[in-house]
*Asks:* 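Take this structure, written in structure tokens, and hold onto it; I'll ask about it next.
Sequence lines set the chain letters: A, B, ... in the order given, protein chains first and strands last, and positions in each chain run from 1. Here the structure is a predicted model, which is why all the values come from computation and not from measurement.
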Amino acid sequence: MTRRQRARAIRVAQYLILLAAAGAFAALADWGRIGDAFFDVDVIHDLFPEVITVALKNTVLYTLCAFAFGLLLGLVIALMRLSPVTAYRALATVYIEFFRGVPALLVLIGFGYGIPIALNTELPGGILGTITVALGLVAAAYMAETFRAGIQAVPRGQMEAARSLGMSHARAMVSIVIPQAFRIILPPLTNELILLTKDSSLVYLLGVTLPTRELAKFGRDSLNQYVSMTPILIAGLAYLLITVPLGYVVRRLEAQQAKAR
Amino acid sequence: MIEIRDLHKSFGELEVLKGIDLRVAQAEAVCVIGPSGSGKSTLLRCINLLETPSSGRVAIGDVEVTDPDVDIDAIRRRIGMVFQQFNLFPHLTVTENVTIAQRRVLRRDKAEAERVAAANLERVGLSDKSGAYPAQLSGGQQQRAAIARALAMGPELMLFDEPTSSLDPEIVGDVLAVMRGLAQDGMTMIVVTHEMNFAREVADRVVFMDGGVIVEQGAAEQVIDNPAHERTRKFLTRVLRPAAAELADLP
């Protein structure tokens, strides 16, 4: 066999293995049961429009609020991490290590139940306020590290040029370094948004009511109500409705950056 | 106008400047030449405190730059600096590069800053590139934009740190022409350069540095064409006639 013939034979074999696996799955699966459990048209009909107007809307709302909070706090912590003041650097490091290391689930419970007990008051804004702060605190830890990497990726000469024009360090940061860092970190920041979209499902821990349910809780409630897997499938698809376009945006941004370089 | 006295600078164990004394008069153009690692760039960067001197004193006019209580941002406004790597702001257009410090530092309004920018872009021959981003410009155009950015602040002194060293040979001339024009207009400037022809033609004085000290200085024709020191002679031979250099001459 020549080298080309061998390569061809290997490729054909790979396709055959894939076909065999797909054929085995199709033959062994009980399609009637799968159809009833996952694609119950009556159930799908019942889920609309609430799956969009309540569940999807709340997922997006919780995610965006937590993201915005995390973004601001993350930037502050990143600047603390890069500060010449040792105490700020230490505080930022402790913050990042803590909130990156502790599961978001525990943080959410801490804020949902711990704060009311400890301070005898609830966070303002109810469910939305609590999830914004709790998930935002966790997201800020990750985003701070992203911001720091982005700021450090801006060439030193940029800061030097800005300073040589008479800008203060703070002014040079705001006008020159941070805008450039932001472009560098847009792709990883969008990934963070995708992760946060899924973490917003943790809100069920706070005991949500009908109008404050988001996708995951909505899917589980409906699963119990209809005794069907269909709502889970629909909820999953609704998540993809958010995350797949975001993934597309990330790839576009990365391609753009590769071109600009 | 500038007075540097007994300037020392160390990076850790390494002493880069070992006692520099230099005076530059108003409207004088001084070229600093010397092998790489001789401390030329560090000297330049100590003048506007991009590097903090280890000891010694730098004064510009009657303001002592090395005074720890001095407002360094206010001093840097009076000193333009041009870098080897241009360091234009890539996220801003050419005009925005030239206006941002005018607006944020000098607090000029938009119209005034843009008027000054247009005048300085014309001076460096870039009027037609005002809306372009740095990545769309050639190296020579980027460097001329960087010069316009520094000039727009109305500096009393310009520092050039190897402004043509990262340019293709055929576009070096454009940048040098702009600098020649500045010198003729009476700008006080200190230029770190390897362009001996430029130094010979434009410099009022040439300073040769080696090993962190000023070895000799004087008129261009004296230092470049008739150097007094052996180190200067060896350096100039290597720069002016690189093909003639012998391996034995290498440091």
*Asks:* Using non-hydrogen atoms and a 4.5 Å limit, figure out which bit of Phe83(B) sits close to chain A: side chain, backbone, both or neither.
*Replies:* side chain
*Asks:* For Arg171(A), which atoms come within 4.5 Å of any heavy atom of chain B: side chain, backbone, both, or neither?
*Replies:* side chain
*Asks:* Under 6.0 Å from the CZ atom of Phe11(B), do we count more than 12 heavy atoms belonging to anything else shown?
*Replies:* yes
*Asks:* Could you walk me through whether Asp73(B) and Arg163(A) pass side-chain contact (heavy atoms from CB on, under 4.5 Å), step by step?
*Replies:* CA-CA 7 Å; Asp73(B) 294 332; Arg163(A) 296 304 304 271; 3.2 Å; yes
*Asks:* Take atom OH of Tyr95(A) as the centre, draw a 6.0 Å sphere, and report whether it contains more than 12 heavy atoms from other residues, nucleotides or ligands.
*Replies:* yes
*Asks:* Could you tell me the separation between the CE atom of Met167(A) and the CZ atom of Arg104(B), rounded to the nearest 0.5 Å?
*Replies:* 8.0 Å
*Asks:* With only heavy atoms counted, which part of Leu88(B) is less than 4.5 Å from chain A, the side chain, the backbone, both or neither?
*Replies:* backbone
*Asks:* Heavy-atom cut-off 4.5 Å, strictly under: side chain, backbone, both or neither for Ala172(A) against chain B?
*Replies:* neither
*Asks:* Would you find a donor on one side and an acceptor on the other, under 3.5 Å apart, between the side chain of Asn48(B) and the backbone of Ser164(A)?
*Replies:* no
*Asks:* To the nearest 0.5 Å, what is the distance between CD on Gln85(B) and CD on Gln158(A)?
*Replies:* 11.0 Å
*Asks:* Show me, pair by pair, the donor-acceptor contacts under 3.5 angstrom made by side chains of residues 180-187 of chain B, not counting sequence neighbours?
*Replies:*
residue, atom, partner, partner atom, Å
Arg180(B), NE, Glu201(B), OE2, 2.8
Arg180(B), NH2, Glu201(B), OE1, 3.4
Asp185(B), OD2, Arg123(B), NH2, 3.2

*Asks:* From Ile100(B) CD1 over to Ile176(A) CD1, what is the distance, rounded to the nearest 0.5 angstrom?
*Replies:* 4.0 Å
*Asks:* Can you confirm whether Arg23(B) is buried at CZ, in the sense that more than 12 heavy atoms of other residues, nucleotides or ligands lie under 6.0 Å from that atom?
*Replies:* no
*Asks:* Please check if the number of heavy atoms outside Glu122(B) that lie under 6.0 Å from its CD is greater than 12.
*Replies:* no
*Asks:* Could you tell me the separation between the CZ atom of Arg156(A) and the CG atom of Asn87(B), rounded to the nearest 0.5 Å?
*Replies:* 10.5 Å
*Asks:* Taking all non-hydrogen atoms of both residues, which atom of His91(B) and which atom of Ser175(A) are closest, and how far apart?
*Replies:* NE2-O, 3.2 Å
*Asks:* Using a cut-off of under 4.5 Å on heavy-atom pairs, state which of Arg78(B), Arg45(B), Arg77(B), Arg76(B) scores highest against chain A.
*Replies:* Arg76(B)
*Asks:* Using non-hydrogen atoms and a 4.5 Å limit, figure out which bit of Leu50(B) sits close to chain A: side chain, backbone, both or neither.
*Replies:* side chain
